[in-house]
A.B. asks: 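This is the structure, below, for whatever I ask next.
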Amino acid sequence: MPIGVVFDVGNVLYGWDPDSFLVRQIADDEERLRFIEDADFFAWHEGLDGGRRFDEAAAELSEKFPAYAELIRAWGERFGETITEPVEGVHAIVEELDARGVHLFAITNFSAEFWKPFAQRERTFFRRFRDIVVSGEAKLLKPDPAIYYLALHRFGLKPDQALFIDDRQINVEGAAAVGMRTHLFTDAMDLRHRLISEGLL
């Protein structure tokens, strides 16, 4: 039986909706999609998750796309607006696990700079977690095996003592490849059934 449950954050614990934020910045669909494609915007953001400093990355992208400099600046200043409400039903599960004494952890692909204000804002919830590995701090991204090994070392878990929960198949496969138990997240009810089957709820 796993003794630690390891959550992803985005779209598992909290919703993440960058598209709605971008729509508010560029209302025209064609213009917005053109910018996202031309700038390879989400790959650029992944660089932030990997540990790149926002000011450096923003300056470089703004130089290439000066017409969108304001949008790029807003992405840094207002990134918190892309994070939406807690995923329905999951926070209740976390509270139940915590009440049962299950050790809770997380591994998240998240910019170190963006993580700090978000974690501070949600500090009451995240106090339930014994440790959280943030990719931007570790300068490692899921599904790189190195981030899972780092997390297991920090968490004090052997791979088969951890149940890793993520909404992305590629990240689940990465965790499974290092020997972790895994669950592909779809919704809270499905997750609850899995945790019950593991004897954790």
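Here, residue 1 is the first one in the sequence, and each next residue gets the next number. Excluded from the calculations below are hydrogen atoms, water molecules and symmetry mates; all remaining heavy atoms, backbone and side chain alike, are included.
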A.B. asks: Can you find a pair of side-chain heavy atoms, one from Arg194 and one from Leu163, that are under 4.5 Å apart?
C.D. replies: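 Yes, side chains in contact.
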
A.B. asks: Determine, using ring centers only, whether Phe7 and Phe185 are less than 6.0 Å apart.
C.D. replies: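 No - the distance between ring centres of Phe185 and Phe7 does not fall below the 6.0 Å cut-off.
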
A.B. asks: Using a strict cut-off of less than 4.0 Å between a Lys/Arg side-chain nitrogen and an Asp/Glu carboxylate oxygen, indicate whether Glu31 and Arg34 qualify as a salt bridge.
C.D. replies: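 Here Glu31 does not pair with Arg34 in a salt bridge, since their nearest N and O are not under 4.0 Å apart.
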
A.B. asks: What about Ile196 and Leu200, same hydrophobic cluster or not, with Ile/Leu/Val/Met/Phe/Trp/Tyr joined at side-chain heavy-atom distances under 4.5 Å?
C.D. replies: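 Yes.
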
A.B. asks: Ring centroids only, cut at 6.0 angstrom: are Phe129 and His103 within range, meaning strictly under it?
C.D. replies: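 Ring centres of His103 and Phe129 not closer than 6.0 Å.
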
A.B. asks: Using every non-hydrogen atom in the two residues, find where Leu141 and Glu46 come nearest and quote the distance to one decimal.
C.D. replies: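 Shortest heavy-atom separation between Leu141 and Glu46 comes out as CD1-CG, 3.7 Å.
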
A.B. asks: Could you walk me through whether Tyr14 and Phe118 pass ring-ring contact (aromatic ring centres under 6.0 Å, His included), step by step?
C.D. replies: CA-CA 11 Å; Tyr14 291 85; Phe118 171 64; 5.1 Å; yes

A.B. asks: Would a single hydrophobic cluster contain both Phe35 and Phe42, if residues Ile, Leu, Val, Met, Phe, Trp and Tyr are joined by side-chain heavy-atom contacts under 4.5 Å?
C.D. replies: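 Linked, Phe42 and Phe35 end up in one cluster.
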
A.B. asks: Can you find a pair of side-chain heavy atoms, one from Phe105 and one from Val5, that are under 4.5 Å apart?
C.D. replies: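 No, side chains not in contact.
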
A.B. asks: Looking only at atom types and distance, does a side-chain atom of Lys142 sit under 3.5 Å from a main-chain N or O of Ile107, one as donor and one as acceptor?
C.D. replies: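 Yes; at least one donor-acceptor contact below 3.5 Å.
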
A.B. asks: Which heavy-atom pair separates Val172 from Asp166 by the least distance, and what is that distance?
C.D. replies: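 In terms of heavy atoms, the two residues are closest at CG2-O, 3.6 Å.
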
A.B. asks: Is any side-chain heavy atom of Glu96 closer than 4.5 Å to one of Arg192?
C.D. replies: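 Side-chain contact under 4.5 Å: yes.
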
A.B. asks: Could you check whether any side-chain heavy atom of Val133 comes within less than 4.5 Å of a side-chain heavy atom of Ile147, counting everything from C-beta outward?
C.D. replies: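 Val133 vs Ile147: side chains touch.
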
A.B. asks: Determine whether the aromatic ring centres of Phe164 and Tyr148 lie less than 6.0 Å apart.
C.D. replies: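 Judged by ring-centre distance (under 6.0 Å), Phe164 and Tyr148 do meet the cut-off.
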
A.B. asks: Under a 4.5 Å side-chain heavy-atom rule over Ile, Leu, Val, Met, Phe, Trp and Tyr, are Ile72 and Val23 clustered together?
C.D. replies: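 Different clusters: Ile72 never reaches Val23 through Ile, Leu, Val, Met, Phe, Trp or Tyr contacts under 4.5 Å.
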
A.B. asks: So, do Trp16 and Phe110 have ring centers that fall under 6.0 Å from each other?
C.D. replies: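 Here the rings of Phe110 and Trp16 have centres that are no less than 6.0 Å from each other.
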
A.B. asks: Please examine the side chains of Glu81 and Arg24, heavy atoms only from C-beta on, and report whether any two atoms are closer than 4.5 Å.
C.D. replies: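 A side-chain contact exists here, since the closest heavy-atom pair is under 4.5 Å.
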
A.B. asks: Is it true that Phe21 and Trp75 have ring centroids separated by less than 6.0 Å?
C.D. replies: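 Yes, the ring of Phe21 comes within the 6.0 Å limit of the ring of Trp75, centre to centre.
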
A.B. asks: Following the transitive rule for hydrophobic clusters with a side-chain heavy-atom cut-off under 4.5 Å over Ile, Leu, Val, Met, Phe, Trp and Tyr, establish whether Leu195 and Leu184 coincide in one cluster.
C.D. replies: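 In one cluster: no.
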
A.B. asks: Any salt bridge linking Glu56 with Arg52? Criterion: basic side-chain nitrogen under 4.0 Å from a carboxylate oxygen.
C.D. replies: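 Arg52 and Glu56: salt-bridged.
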
A.B. asks: Does some side-chain heavy atom of Leu152 sit less than 4.5 Å from a side-chain heavy atom of Pro159?
C.D. replies: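 Contact flag for Pro159/Leu152 side chains = yes.
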
A.B. asks: Is there a side-chain contact between Leu13 and Val87 in this structure, where contact means two heavy atoms from C-beta onward sitting under 4.5 Å apart?
C.D. replies: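 A side-chain contact is absent here, since even the closest heavy-atom pair is not under 4.5 Å.
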
A.B. asks: Could you give me the CA-CA distance, side-chain angles and deciding distance for Leu22 and Leu71, then say whether side chain to side chain contact (heavy atoms under 4.5 Å, CB included) is met?
C.D. replies: CA-CA 8 Å; Leu22 291 171; Leu71 179 153; 4.1 Å; yes

A.B. asks: Check whether any side-chain heavy atom of Phe41 sits under 4.5 Å from a side-chain heavy atom of Arg32, and report yes or no.
C.D. replies: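 When only atoms from C-beta onward are counted, Arg32 and Phe41 do not touch, as no gap falls below 4.5 Å.
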
A.B. asks: Going by distance alone, is a donor N or O of one side chain under 3.5 Å from an acceptor N or O of the other, for Tyr68 and Gln25?
C.D. replies: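 The criterion, which ignores hydrogens and geometry beyond distance, is not satisfied for Gln25 and Tyr68.
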
